[in-house]
Amino acid sequence: LARQEVTSTSTDADGDEVHVIWKQAPVVGSRNFPDGTALGTRNASYGLLLSDYTGPRTSFMPDVPGDYRLRLAATDGCLITVKDLLVTAAWSADCLALSTMASLCLIFGPLVVAATMLVLAVFVARRTPMHPYNPLAVRTDAARLQRWEAYKL
């Protein structure tokens, strides 16, 4: 996901200097701690880290696609105006296809490896004679003993 840039166009009617403060806005409908920190399941707006918390411009790098809510507070020293902004971050089709493929590889890759190992183990177990009375199990020992008997003569 690309870095998201947000700019304030706040002005003062009297021409006074405007100071801008940015912060994460609480997600509507979610449960939060009293200080606004998110509680519970992961959401796109959780874990938001702004590049600047003061000044007319800020940016952030989204961790997942979704809606990110920012709260802008602008003041000229006398009056404060607060406004919530919604920034929607979405993956491009190429990134979405790549993330889907990576997820599938992470899910099915180990399954394919485990299934292959199981098939190989069964194949080797079936081809390896295990019972001592099985003539195939003693074939190598019998051949070795025949060579030894021939050597002794």
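Positions are given from 1, in the same order as the sequence printed here.
- The line from CG of Asp12 to NE2 of His19 is 10.5 Å long, rounded to the nearest 0.5 Å.
- Salt-bridge annotation for Arg69 and Asp84: absent, with no side-chain N of the basic residue lying under 4.0 Å from a carboxylate O of the acidic one.
- The OG atom of Ser51 lies 6.5 Å from the CD atom of Glu5; values are rounded to the nearest 0.5 Å.
- With sequence neighbours excluded, no residue satisfies ring-ring contact (aromatic ring centres under 6.0 Å, His included) with Phe123.
- Between Ser10 and the choices Asp76, Thr81, Val18, the side chain to side chain contact (heavy atoms under 4.5 Å, CB included) rule is met once, by Val18.
- In terms of modelled atom types and a separation under 3.5 Å, the side chain of Thr58 and the main chain of Asp52 share a donor-acceptor contact.
- Residues Val20 and Ser8 share a closest heavy-atom pair of CG2-OG, 3.9 Å.
- Here the CG atom belonging to Asp16 is positioned 11.0 Å from the OG1 atom belonging to Thr11, to the nearest 0.5 angstrom.
- Looking at residues two or more places apart in sequence or on another chain, you find no side chain to side chain donor-acceptor pair (under 3.5 Å) involving Ser99.
- Residues satisfying the side chain to side chain donor-acceptor pair (under 3.5 Å) test with Thr100, not counting sequence neighbours, are none.
- Counting only residues at least two apart or on different chains, the salt bridge (Lys or Arg N to Asp or Glu O under 4.0 Å) pairs with a member in residues 136-148 are Asp141-Arg144.
- Put simply, CG on Leu70 and CG on Leu85 are 6.0 Å apart, with the number rounded to the nearest 0.5 Å.
- Partners of Glu17 by salt bridge (Lys or Arg N to Asp or Glu O under 4.0 Å), not counting sequence neighbours: none found.
- Residues meeting the side chain to side chain donor-acceptor pair (under 3.5 Å) test with Thr75, sequence neighbours left out: none.
- Val6 and Leu72 fall within the same hydrophobic cluster, defined by Ile, Leu, Val, Met, Phe, Trp and Tyr side-chain heavy atoms under 4.5 Å apart, directly or through other members.
- Other residues, nucleotides and ligands contribute over 12 non-hydrogen atoms within 6.0 Å of the OH atom of Tyr53.
- Side-chain contact between Thr88 and Tyr68: absent, with no pair of heavy atoms (C-beta onward) separated by less than 4.5 Å.
- At a threshold of 4.5 Å between non-hydrogen side-chain atoms, the residues Val82 and Arg71 count as touching.
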